[in-house]
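Note: hydrogens, waters and symmetry copies are ignored here, and every other heavy atom, side chains too, is used.
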Amino acid sequence: MFMRRLLTAAAALAIAVPSFAHAASRGLAKTMVAGKSVSIDYGRPSLAGRDMLGRATPGEAWRMGADAPTKLMTDADLSFGAASVPKGTYILKATPDGKGAWTLNVHKEDQTKVADVPLVVGKTKESVETFTIEVRGEKEKGEIELQWGETSLKAAFTGK
């Protein structure tokens, strides 16, 4: 009986350990735009004294977060200026150009590119230790904001 309990406990621990092994927690940013849900699921790594955005390789897409890909789920059709993103689920990445500008890359889950959206680069009011994505909405207008360290990257959109 003792051996059976020990094996059961060992099996439960073996199943649980991978979920604890991830260093970064997950975040979920969500809002309503045009009466429809828009949300982003993402990993939340910490800076831990590093300049992670400064380390990003120019021209190379960064997956925005840690562990699993960052996902945009939208029940609304979104427009980022001239770029259109139909309702659905997408993978988000961001690419620096090496001169201070960033682009939000929107891909289908099979990595087919849907849109490239210029991001407005700014400064946060105070340093943000843990990578944070916020998505805000009011009526048909919305905004995505990425914050890490002293950097803020924003993209405005409309929904219908």
Residue pair R44, T132: steps toward the side chain to side chain donor-acceptor pair (under 3.5 Å) verdict: CA-CA 7 Å; R44 300 199 66 213; T132 301; 2.8 Å; yes

Derivation of the side chain to side chain donor-acceptor pair (under 3.5 Å) call for T95 and E60: CA-CA 6 Å; T95 304; E60 205 171 290; over 6 Å; no

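At a threshold of 4.0 Å, the pair E134-R136 counts as salt-bridged, since one of the basic side-chain nitrogens sits closer than that to a carboxylate oxygen. Under a 4.0 Å N-O distance rule, the pair E140/K160 does not qualify as a salt bridge.
The backbone N or O of P69 lies less than 3.5 Å from no partner atom in the side chain of Y42, so there is not a single donor-acceptor pair. Proximity of a side-chain donor or acceptor of E129 to a complementary backbone N or O of L47 within less than 3.5 Å is detected. In terms of modelled atom types and a separation under 3.5 Å, the side chain of T74 and the main chain of A76 share a donor-acceptor contact. S39 contributes no side-chain N or O that, together with a main-chain N or O of K30, makes up a donor-acceptor pair within less than 3.5 Å. D77 contributes a side-chain N or O that, together with a main-chain N or O of K87, makes up a donor-acceptor pair within less than 3.5 Å. Distance alone, capped at 3.5 Å, places no donor-acceptor pair between the S79 side chain and the G81 backbone.
Cluster annotation: V117 is not connected to M73 through the hydrophobic network of ILVMFWY side chains, with a link wherever side-chain heavy atoms come within less than 4.5 Å. A continuous path of ILVMFWY side-chain contacts below 4.5 Å connects L72 to V114, so both sit in one hydrophobic cluster. Note on L146: it clusters hydrophobically with M52, by side-chain heavy-atom contacts below 4.5 Å among ILVMFWY residues.
Taking all atoms of both residues into account, the shortest heavy-atom contact from A34 to G159 is CB-O, 3.4 Å. When all heavy atoms are compared, the tightest approach of A101 to V121 is CA-CG2, 4.3 Å. Listed here is the closest heavy atom pair of A156 and F80: O-CD2, 3.4 Å. Considering every non-hydrogen atom in both G137 and T31, the closest pair reads N-OG1, 3.0 Å. Heavy atoms only, all atoms of each residue included: T112 and D110 are closest at OG1-OD1, 2.6 Å. Minimum interatomic distance between I91 and K108 (heavy atoms only, all atoms of both residues): CG1-O, 4.2 Å.
Open room surrounds CD on E126; 12 or fewer heavy atoms of other groups in view lie less than 6.0 Å from it.
Ring geometry, W148 versus W62: the interplanar angle falls under 30°, so the pair is classed parallel (tilted spans 30 to 60°).
Considering only heavy atoms from C-beta on, V120 stays 4.5 Å or farther from W102 through its side chain. Side chains of T103 and D97 form no contact here, defined as non-hydrogen atoms less than 4.5 Å apart. Residues S37 and M32 are in side-chain contact: their nearest non-hydrogen atoms beyond the backbone lie under 4.5 Å apart.
How far CG of L104 is from CG of D116: 8.5 Å, rounded to the nearest 0.5 Å. With rounding to the nearest 0.5 Å, the separation of CG in L78 from OG in S84 is 9.0 Å. Atom CG in N105 sits 9.0 Å away from atom CE in M64 (nearest 0.5 Å). The distance from the CD atom of E145 to the CD1 atom of I40 is 11.5 Å, given to the nearest 0.5 Å. D41 contributes atom CG, which lies 4.0 Å from atom CZ of R26 (distance to the nearest 0.5 angstrom). Atoms CZ and NZ, on R63 and K93 in that order, are 9.0 Å from each other to the nearest 0.5 Å.
Residues passing the salt bridge (charged side-chain N to carboxylate O under 4.0 Å, His left out) test with E109, sequence neighbours excluded: K71.
Among V85, V135, D75, I144, the one residue that satisfies the side-chain contact (heavy atoms from CB on, under 4.5 Å) test with V38 is V135.
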